[in-house]
Amino acid sequence: MRKKVLAVMVLFMAFALAANAAWDFEAYQKAMTGSGRKVNISAKTFAAVSARKETAAKTVQKYLDSHFGKADPALLEAFKELPREYFMYNYEQNVSLAGMAYEAQAKPWAVGYGSALSDYLGQAYMTQLAAPKKEDVVLEIGTGSGYQIALLSRMVKEAYSIEIIKPLGEQVAKIFGPLGYANVHTKIGDGYYGWPEVKGGFDIIIVTCAARSVPPPLLEQLKPGGKMVIPIGQPYKRGQFLYVYTKDQDGKVHSKKDMGVFFVPLKSTAFGDKLPAK
Ligand code: SAH
């Protein structure tokens, strides 16, 4: 009997260890290679990046505390779990930007093809504004680097994301597997029309590109009680604002203006845009 208990304990510890497998330089290199990307930082640079992470997490906490009263602990956990350096990559030039992760002054980074990885404070802010819960099904429009949807995926049940730029979306689709993020689902397409094949719709829709007006298909795909966070404004112009749309249980939609932001435009045939070449 004792032996059995011991065996179960050893097994449990082995699983716990595997689940918490250390994120070290070796693991980073393996995951990068596994996702078809180049490693161009040294072990020393990797260590320097890792050493900056705690300060960045504290900065996020303070930022969220000041805006929301208190930072969501689940969001802080997710931020700490995610290796941001893994998402810092320029796919057009095929070079890693990992060495610059957790910069003291949070800023956006170009990931190629005109797309960007948003700054980490803005991403944390939009996440808490969306208020994700464990059982939620989330849709993001604008996969970009994949960081935002990866962050959300740690806090919810299923995480869907659409990217319109094919060469970017195809490469980024490969980066979630090596991290074991099995609940992230991606596709290439015009996110204006949402992802209607996902039956039942979404608890949260987060748009990470600036729309000239609210896409009605996205409001339709919001569940009753659901919430959409969306930047609205003109392409490449100042004066874009985040809006929060909520759908009540009766299906009525309410909107609220939030803070000023700056995002790359949401391109869509619905706005008369010429779409990126296939
Ligand atoms: N969420 C990203 C940042 C996205 S930048 C991150 O965490 O890094 C905005 C992205 O939206 C760009 O990659 C752009 O190509 C994409 N985009 C623009 N219009 C789109 C559309 N109609 N559907 C899906 N993606 C779109």
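One is the number of the first residue; the rest follow in order along the sequence. All ligand and atom numbering here is 1-based and tracks the order in the structure. Every heavy atom of this structure was used, including side-chain atoms; hydrogens, water molecules and symmetry mates were not.
For E197, the salt bridge (charged side-chain N to carboxylate O under 4.0 Å, His left out) criterion is met by K187, not counting sequence neighbours. For the salt bridge (charged side-chain N to carboxylate O under 4.0 Å, His left out) test, no residue two or more places apart in sequence or in another chain qualifies with K157.
For ligand 1 and L266, the ligand atoms under 4.0 Å from any heavy atom of the residue are 18 (C), 19 (N), 22 (N). Listed by number with element, the atoms of ligand 1 under 4.0 Å from a non-hydrogen atom of I162 are 24 (C), 25 (N). Using a 4.0 Å cut-off to heavy atoms of L117, the atoms of ligand 1 that qualify are 8 (O).
Look at L151 and you'll find every heavy atom at least 4.0 Å from all atoms of ligand 1. Judged by the shortest distance from any of its heavy atoms, S161 lies outside the 4.0 Å radius around the atoms of ligand 1. Ligand 1 lies less than 4.0 angstrom from a heavy atom belonging to P265.
For atom 6 (C) of ligand 1, the closest heavy atom belonging to the protein is S145 OG, 3.4 Å. The protein heavy atom nearest to atom 14 (C) of ligand 1 is E163 OE2, 3.5 Å. Taking atom 25 (N) of ligand 1 as the reference point, the nearest protein heavy-atom neighbour is I164 N, 3.3 Å. For atom 19 (N) of ligand 1, the closest non-hydrogen atom on the protein side is K267 N, 2.9 Å. The protein heavy atom nearest to atom 1 (N) of ligand 1 is E140 OE2, 2.8 Å.
More than 12 heavy-atom neighbours from other residues, nucleotides or ligands sit within 6.0 angstrom of NZ on K247.
Salt-bridge formation is detected for the pair R212/D273: a Lys NZ or Arg NE/NH1/NH2 atom is positioned less than 4.0 Å from an Asp or Glu carboxylate oxygen. Between E170 and K166 there is a salt bridge, since a side-chain N of the basic residue sits under 4.0 Å from a carboxylate O of the acidic one. Using a cut-off of 4.0 Å between Lys/Arg side-chain N and Asp/Glu carboxylate O, E54 and K58 are scored as salt-bridged. We find that D65 and K62 are not joined by a salt bridge, their nearest charged nitrogen and carboxylate oxygen being 4.0 Å or further apart.
On a distance-only criterion, V264 and ligand 1 share no N/O pair closer than 3.5 Å. By the 3.5 Å distance cut-off applied to N or O atoms, S268 is not counted among the residues near ligand 1. Inclusion of L168 in the set of residues having an N or O under 3.5 Å from an N or O of ligand 1 is not warranted.
The minimum heavy-atom distance linking R84 with Y102 is given by the pair N-OH, 3.1 Å.
A cation-pi arrangement, defined by a distance under 6.0 Å to the six-membered ring centre and an angle within 45 degrees of its axis, is present between R37 and Y86.
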